[in-house]
Number of protein chains: 2
Amino acid sequence: MNKVQVNTQSHTYEVYLDKALRFRVGDLLSQCLKEKPSSVFVITDSTVAPLYLQDVLSSLPDDLSVSSAIIPSGEQSKSFKEYENLLSQALKNGLDRKSVIIALGGGVVGDIAGFVAASYMRGIRFIQMPTTLLAHDSSVGGKVAINHELGKNMVGAFHQPEAVFYDTDVLFSLPQKEWRAGFAEVLKHGLILDKSFYEWLQKNVTDFLSIDNELVSSLLARSIAIKAEVVSQDEREQGIRAYLNLGHTLGHAIEAVSGYGKITHGEAVVIGIVFAMKLSERLYKIDLDIPAFKAWVESFGYETVIPKDLDHEKLLEAMKKDKKTEAGIIRMVLLKKLGEACVEKVETDVILSLLKES
Amino acid sequence: MNKVQVNTQSHTYEVYLDKALRFRVGDLLSQCLKEKPSSVFVITDSTVAPLYLQDVLSSLPDDLSVSSAIIPSGEQSKSFKEYENLLSQALKNGLDRKSVIIALGGGVVGDIAGFVAASYMRGIRFIQMPTTLLAHDSSVGGKVAINHELGKNMVGAFHQPEAVFYDTDVLFSLPQKEWRAGFAEVLKHGLILDKSFYEWLQKNVTDFLSIDNELVSSLLARSIAIKAEVVSQDEREQGIRAYLNLGHTLGHAIEAVSGYGKITHGEAVVIGIVFAMKLSERLYKIDLDIPAFKAWVESFGYETVIPKDLDHEKLLEAMKKDKKTEAGIIRMVLLKKLGEACVEKVETDVILSLLKES
């Protein structure tokens, strides 16, 4: 069993990484919860439910009151309607302040189930059980949210989980597209804070199909440790936590303008990273070796240019809705060099002209 | 200007009490906010807007971006629909993370505007401007929420305001019913924690019509100071903060079963307090002089018995939805003596038989 500790102001918790964790949820709960849950409510989605829900439910003790809910899989479920629906089910199932919610799924499930936990009776405990590579990132750090038609993750909270249970088995049934979705955040962690990790990735990860359990465990533990370090320094995103947003200002805009779910978050973020690298080279007169980065990520099937059918003005408007924007001025995460990020105010016309070139 | 300081783990803030504060909001904002707001969004209701909204807007500096929203007055507005609607307006008005929401109104406005502030972009700053006597209570302590048809305040957060601006002028235009609604929480503060304040109230407050500005200021400052003390000791309601719930387990149930808005919160709480006092006398073999309490509050027009048309089984079911309930067992705030509260698990049949007697 690998463990990574996450320290935040509100509390400290562990990320447990191992094979077959889904069969040991009951034991893990009693290990990591100070106070016994009065009941457990498992929230999952229609893709994950047929694969793993029964394993999790069967692993819970017989004398525990357990209920579950299944949301449709996909980003569309991070809606007000689904949020209200889950809260209604929580109430009908009799959840109280000592109950625990388990978010079993990818980032969508973690985000919405986490926001349900954050706001149900003003906040109850929850556990993240990521089932995708991408969710290694969102499951650590306590950012939970739903979407609004005017912007992604616009409504939410900071609510740390009690623990993260990560069953690495489940990753090997994921399609290539899902690996791309998640690996974008892994490489991002290297780019913003750890050049040696970035170089280790470029050397060791050249093909998703050849990744084995040992490699994915090292990769996840290292990526989560970087995320955990950032979160511990800046739980509420006042400072360096914003670095995690590298590639996200444009990435979110691409998702919003093309319609959520059309392009995966990770794929959009990689396009956003290339954009941020170009802007960094231009503003700081540096060389980030973008051709090498593009060649490497293209070998995994990532796109590196903005889809041709997206309107530049619309992208710009969507970028202005970014949460880092202050008084109408876009603030982007850029790179001073590989492994060193910063946040910079960028003029609208600079962005627009680079959008037109890209 | 009277000031009461509220200390919480998250931060310290001031309650400003004075005449004509609504004309000085701009100045007060620059006094109490460390960082200048990028914009201000005033949320108020259809009763308050025609009376005071313009005063507040006019008091804000011309170079500040200001917008406002008016919700229908009444408890019905603490709904998912209104919540989503306000978030949409916040987005359309371009609020960002440095924006400030002003909640101008009674408890309903404070609760929903506070939850909008707590969840918009995962939390932005807000200011409480109470316009009722009742809201002196809810505006301090950071509890914000909306209702669910299965229970009041079931969805919300703990989100402390940056400050409370309390214009005492506005209280004198309130009808008697509103005074009753608010005074219930004032006398509750005495009952649970400060016998001398309770006795001072019984002696000095015998008629709402004869209350002058001086008396209401003393009364509010003292009541708020008790609330602030409780909150500072227990921000997230893990312990003694639950005492503030005296009368609320049955009070909320009466509101829910009779339909929100039919009977005011404060009126329902007084009936709940009488019920809790009876239960306390029975369980602890003490004498709380309930006849004196009843005679005093009835002189203000409070009811002290449960409305005849409410079904006891339904009341019991609603009481079980209380947030203090654990594993199906109702926990109520009771009095060991005047000025000393406690939380006690109470068997269902004990509650039901007392409901039938009441």
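Order of the sequence lines sets the chain letters (A, B, ...), proteins ahead of strands, with each chain counted from 1.
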Inset, instruction - Decide side-chain contact (heavy atoms from CB on, under 4.5 Å) for B/Val269 and B/Ile254; before the verdict, give the C-alpha distance in whole Å, the side-chain angles of both, and the deciding distance to 0.1 Å. - result: CA-CA 9 Å; B/Val269 164; B/Ile254 290 173; over 6 Å; no
Legend entry - Proximal component of B/Val116, with respect to chain A [non-hydrogen, under 4.5 Å]: neither
Inset, instruction - Return the option, out of B/Ile146, B/Leu87, B/Val155, with the maximum number of heavy-atom pairs under 4.5 Å with chain A. - result: B/Val155
Inset, instruction - Could you tell me whether the side chain of B/Ile43 reaches within less than 4.5 Å of the side chain of B/Ile102, counting heavy atoms only? - result: no
Legend entry - Smallest separation among heavy atoms of A/Val144 and A/Phe115, with atom names: CB-N, 3.5 Å
Between chain A and chain B, going by a 3.5 Å limit, which atoms form donor-acceptor pairs, if any?
{"unit_1": "A/Ser88", "atom_1": "OG", "unit_2": "B/His148", "atom_2": "NE2", "d": "2.7"}
{"unit_1": "A/Asp96", "atom_1": "OD2", "unit_2": "B/Ala327", "atom_2": "N", "d": "2.9"}
{"unit_1": "A/Arg97", "atom_1": "NH1", "unit_2": "B/Glu237", "atom_2": "OE2", "d": "3.4"}
{"unit_1": "A/Ser119", "atom_1": "O", "unit_2": "B/Gly156", "atom_2": "N", "d": "2.8"}
{"unit_1": "A/Met121", "atom_1": "N", "unit_2": "B/Met154", "atom_2": "O", "d": "2.7"}
{"unit_1": "A/Arg122", "atom_1": "NE", "unit_2": "B/Val144", "atom_2": "O", "d": "3.2"}
{"unit_1": "A/Val144", "atom_1": "O", "unit_2": "B/Arg122", "atom_2": "NE", "d": "3.2"}
{"unit_1": "A/His148", "atom_1": "NE2", "unit_2": "B/Ser88", "atom_2": "OG", "d": "2.7"}
{"unit_1": "A/Met154", "atom_1": "O", "unit_2": "B/Met121", "atom_2": "N", "d": "2.7"}
{"unit_1": "A/Gly156", "atom_1": "N", "unit_2": "B/Ser119", "atom_2": "O", "d": "2.8"}
{"unit_1": "A/Glu237", "atom_1": "OE2", "unit_2": "B/Arg97", "atom_2": "NH1", "d": "3.4"}
{"unit_1": "A/Ala327", "atom_1": "N", "unit_2": "B/Asp96", "atom_2": "OD2", "d": "2.9"}

Inset, instruction - Write down the atom of A/Phe126, the atom of A/Ala117, and the distance for their closest heavy-atom approach. - result: CB-CB, 3.6 Å
Inset, instruction - Determine the minimum heavy-atom distance between A/Leu246 and A/Ala276, stating which atoms define it. - result: CD1-CB, 3.8 Å
Inset, instruction - Search all heavy atoms of A/Leu64 against all heavy atoms of A/Pro37 and return the closest pair with its distance. - result: CD1-O, 3.6 Å
Legend entry - Beyond-backbone contact of A/Ile101 with A/Leu95, side-chain heavy atoms, under 4.5 angstrom: yes
